[in-house]
Amino acid sequence: MRWTQQLIPTLREVPQEAEIASHQLLLRAGLIRKLAGGLYTFLPLGRRALRKVEQIVREEMDRAGALEILMPAMHPQELWEQTGRFAVLKDVMFKIKDRQERNMVLGPTHEEVATELVAHEVQSYRQLPLNLYQIQTKFRDEIRPRFGLMRAKEFIMKDAYSFDADEAGVERSYRAMYTAYERIFKRCGLRTKAVEADSGAMGGSASHEFMVLADAGEDGLVECDACCYAANLDRAEGLHRGPREFAGAELPPAVVPTPGRRTMAAVAAFFQAPPARLIKTLIYLADQQPVAVLVPGDREVNELKLQRVLQATALVLADDATIARVTGAPVGFAGPVGLPLRIVADEKLQGYRGAITGANQPDAHLINVDLARDARIAAFADLSNALDGDSCPRCAAGRLHARRGIEVGHVFKLGTKYCTALGAGYLDAAGVRQTPIMGCYGIGVTRTLQAVLEQSRDDHGIIWPISIAPCAVEVLPINVQHAPTLQAALALTAALEHAGCDVLLDDRDERPGVKFKDADLLGLPIRVNIGEKSLAKGVVEIKLRHNGSLTAVPPEQAPAAVQACAQELWAAVAP
RNA sequence: CGGGGUGUAGCGCAGCCUGGUAGCGCGUCAGCCUUGGGCGCUGAAGGUCGCGGGUUCAAAUCCCGCCGCCCCGACCA
């Protein structure tokens, strides 16, 4: 493959639209171009890499016994109404009408369609288990598309749906997918971490996310340094460390003027107290009803947890006017003592004495608060996010560490919700009608591609794992006007291609510097420099992108030497 | 949707405050030169200054409205 006959528009400068490294590299290396926010064209090299990721996914899904199908991207809206998910997901769905004015949606995911298929085609336990998957474009009207392919309105996803006769079967299917995912990401050259996750809008019981650890990741997670516990911050159950009793525990509450101190930091500084000694009081509207929520001053409320505890369908922070009305004080001075509201408290506050809270009057706080003595708490529950340094909820010894991650895969156990709603059933061996138990398993294919770049790069550009590199080798003739150089390059390219190697020949009549810089930016794993000087010494140079190692070999030995390098690189991404 | 920023040549930017000929670097095209890390010289092409309205003799510049894009928050593969 010749550079001059390709479309590889590399960019010398960083496009101002791109913030994170992987997004910049996608654009600079000429892999993608933006059409509009959240909508991207894959250019030839980007498409080649994407295809390789898809193929790895396909091979591993097949290996795990899943069956590839292809479902429509466009669905009748009615199907979504049948499971009740239209109401849940209508804001993220693109809605269109056909010429008959029928309501259609573009699928953000395919549980309904897959289940509908199974409802029609599966009648007997002999047909189970069944695992159907597809690799297809999904559409989501994201609130905020971001970071290039990371959060796009249109993206390629591998989605699989398993149907089993019983719980043991679901467990096997789930495990098979979990293992397949580990193999897939390993083969893509990614270091991932599987974390316990919330099942969100999917519903269902168990769920794990596969996270690519990266500072640019959108998700928070914690992992234990002693055992294998790891969880998404949405669900992580960090255990409180540190004191619950503070100075003044025995004293009655006392009002202290704190003019203008309305933030945790300001109040903590005012009292010269650690933020953990403060109790943060937030007023939420749970289905329109005001509720007070208490968490330690150094923690954030976890709204997912809160929503579950309150069993609320709509949960929002109360507006300033409501807060003033129910607490009798402006924002920043709410506290649990004497507050005429339902109060729920984070379990980490249990036994808090000598704490500091708002006084429910303007510009004042209360000290010496003993939560059990001075306030009426309706319920204690886990309502806050875990914090770096918390104790591990699984093992006594470990401490949790906070990390950032990119969610590239997600596996769920879904139960019978969809099958029941859509009438999927089968007859068991005894002739009794049963409902299949479902699991679903997603991989963001386009996002995975970008995650690789986020994790595998240096200051000069991309460092492709050989398994998904657009090409394995770049042949770089330093001066194409020097006939012997070009000839040697052509010969090597032909030999490698004949051996089944993907090769990019940079046949541009450009300055060496330009070609070297582009080669580093593009980041193909193996590069062969061919130039007049080394040729005069009877050698060409093989340079590996990932470690910069340079070996000189005679031109006639180059194909074999390159193959040997390639073999080593492949071994590094073997599952 | 709320908050912040930004929109001038393919890309990166200056000019705007203080209204008066639209500029710089890179890239592109032609020619010369050069050939082991974004080389040098000469010449050229390329712009409805995001869109609409207003103020003014005159608007990239001032005013009003709209739109796109980027960042922070709620959503998720």
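Throughout, a chain's letter reflects where its sequence line sits, starting with A, and its residues are numbered from 1.
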Between the NZ atom in A:Lys186 and the CD1 atom in A:Ile56, the distance rounded to the nearest 0.5 Å is 11.5 Å
Could you grab the distance from atom CD1 of A:Ile8 to atom CZ of A:Arg2, nearest 0.5 Å is fine? 13.0 Å
Report which part of the nucleic acid A:Val316 touches: base, sugar-phosphate, or nothing (heavy-atom distance under 4.0 Å, all strands). nothing
Base, sugar-phosphate alone, or nothing: which one does A:Pro15 contact when heavy atoms must sit under 4.0 Å apart? sugar-phosphate
Expressed as a whole number of Å, how far does the C1' atom of B:G47 sit from that of B:G7? 14 Å
Across the strands shown, which category fits A:Val514 at heavy-atom distances under 4.0 angstrom: base, sugar-phosphate, nothing? base
What about A:Asn479: does its side chain form a donor-acceptor pair under 3.5 Å with the base of B:G36? no
CE-CD distance between A:Met211 and A:Glu223, expressed to the nearest 0.5 angstrom: 11.0 Å
Who is the Watson-Crick or G-U wobble partner of B:C66, with both distances under 3.5 Å? B:G50
Distance check, rounded to the nearest 0.5 Å: A:Arg12 atom CZ versus A:Leu521 atom CG? 11.5 Å
Using a heavy-atom cut-off of 4.0 Å across all strands, would you classify A:Phe147 as base, sugar-phosphate, or nothing? sugar-phosphate
To the nearest Å, give me how far apart CG (A:Leu522) and P (B:G38) are. 18 Å
Would you mind pulling out the nucleotide paired to B:G2, Watson-Crick or G-U wobble, both distances under 3.5 Å? B:C72
Can you tell me the pairing partner of B:G20 across any strand shown, Watson-Crick or G-U wobble, with both distances under 3.5 angstrom? B:C57
Pair A:Asp159 + A:Lys138, salt bridge at N-O below 4.0 Å: yes
Proximity to the side chain of A:Glu218 - top-ranked nucleotide from B:C69, B:C75, B:A77: B:C75
For nucleotides B:C26 and B:C62, find the distance between their C1' atoms and express it as a whole number of Å. 33 Å
Can you see whether A:Trp3 has A:Arg508 sitting over its ring - NZ or CZ less than 6.0 Å from the centre and within 45° of the normal? yes
Assign A:Glu142 to base, sugar-phosphate, or nothing according to its heavy-atom contacts below 4.0 angstrom with the strands shown. base
Kindly say if A:Arg146 contacts the phosphate of B:C72, meaning a side-chain N or O under 4.0 Å from OP1 or OP2. yes
Please produce a list of atom pairs where a protein N or O lies less than 3.5 Å from an N or O of nucleotides 1-8 of chain B.
none

Could you tell me which residues satisfy salt bridge (Lys or Arg N to Asp or Glu O under 4.0 Å) with A:Glu142, sequence neighbours excluded, listed by chain and number? A:Arg151
Which whole-number value in Å describes the distance from A:Gln307 CD to B:A74 C1'? 12 Å
Taking the minimum atom-to-atom distance to the side chain of A:Glu19, which one of B:G37, B:C71, B:A77 wins? B:C71
Atom pairs under 3.5 Å, N or O on each side, protein against nucleotides 25-31 of chain B: can you list them with distances?
residue, atom, partner, partner atom, Å
B:G25, N2, A:Glu13, OE1, 2.9
B:C26, O2', A:Arg12, NE, 3.3
B:G27, OP1, A:Arg12, NH2, 3.2

State which of B:U34, B:C70, B:U35 makes the closest approach to the side chain of A:Arg511. B:U34
Could you check if a side-chain atom of A:Val293 sits within less than 4.5 angstrom of a side-chain atom of A:Thr281, using non-hydrogen atoms only? no
Sequence-distant partners of A:Arg28, side chain to side chain donor-acceptor pair (under 3.5 Å), two or more places apart: none
Protein and nucleotides 40-42 of chain B: nitrogen or oxygen contacts under 3.5 angstrom:
none

Could you give the NE2-to-P distance, from A:His23 to B:C69, as a whole number of Å? 12 Å
Check whether any side-chain nitrogen or oxygen of A:Lys517 sits under 4.0 Å from OP1 or OP2 of B:G37, and answer yes or no. no
Measure the distance from NZ on A:Lys533 to C1' on B:G36 and round it to the nearest whole Å. 5 Å
Just to be sure I understand the rule, does A:Asp520 reach a base, reach only the sugar-phosphate, or reach nothing, if contact means heavy atoms closer than 4.0 Å? base
Should we say atom CD of A:Gln5 is surrounded by more than 12 heavy atoms from elsewhere, each under 6.0 Å from it? yes
Regarding A:Leu11, tell me which of base, sugar-phosphate or nothing describes its non-hydrogen contacts under 4.0 Å with the strands shown. nothing
Let me know which of A:Leu190, A:Ile463, A:Leu25, A:Ile462 forms a side chain to side chain contact (heavy atoms under 4.5 Å, CB included) with A:Ser456. A:Ile463
Would you classify A:Arg508 as touching base, sugar-phosphate or nothing, given that sugar-phosphate means primed atoms plus P, OP1 and OP2, and contacts are heavy atoms under 4.0 Å? nothing
Can you tell me how far CG of A:Leu496 sits from SG of A:Cys471, rounded to the nearest 0.5 angstrom? 11.0 Å
B:C75 base to A:Asp91 side chain: any donor-acceptor pair below 3.5 Å? no
What does A:Thr448 touch in the nucleic acid at a heavy-atom separation under 4.0 angstrom: a base, only the sugar-phosphate, or nothing? nothing
Using a heavy-atom cut-off of 4.0 Å across all strands, would you classify A:Lys158 as base, sugar-phosphate, or nothing? nothing
When rounded to the nearest 0.5 Å, the distance separating CD1 of A:Ile443 from OH of A:Tyr133 is 10.5 Å
Measure CD/A:Gln450 against C1'/B:A77 and give the value in whole Å, please. 13 Å
Integer-rounded Å distance: B:C76 P and A:Met211 CE: 12 Å
Rounded to whole Å, please give me the gap between CG in A:Leu7 and P in B:G10. 17 Å
By the 4.0 Å heavy-atom rule, please label A:Gly37 as base, sugar-phosphate, or nothing. sugar-phosphate
Can you tell me the distance, in whole Å, between the CG atom of A:Asp518 and the P atom of B:G36? 17 Å
Here's a test of your reading of the structure: between A:Gly38 and A:Ile443, which maps to the more 5' nucleotide of RNA chain B? A:Gly38
Sole candidate of A:Phe412, A:Phe185, A:Phe210 that passes ring pair (Phe, Tyr, Trp, His ring centres under 6.0 Å) when paired with A:Tyr178: A:Phe210
Will you find, in the side chains of A:Glu300 and A:Asn385, an N or O donor that is under 3.5 Å from an N or O acceptor? no
When rounded to the nearest Å, what value does the distance between C1' atoms of B:G46 and B:G38 take? 23 Å
Measure from NZ or CZ of A:Lys413 to the centre of the six-membered ring of A:Tyr174 and say whether it is under 6.0 Å with the direction within 45° of the ring axis. yes
Run the side-chain hydrogen bond (donor to acceptor under 3.5 Å, both in side chains) check on A:Gln55 and A:Arg58 step by step: do they pass? CA-CA 5 Å; A:Gln55 191 52 31; A:Arg58 187 171 280 123; 3.1 Å; yes
Of the residues in residues 148-156 of chain A, which ones touch RNA chain B at a heavy-atom distance under 4.0 Å? A:Met150, A:Arg151, A:Ala152, A:Phe155
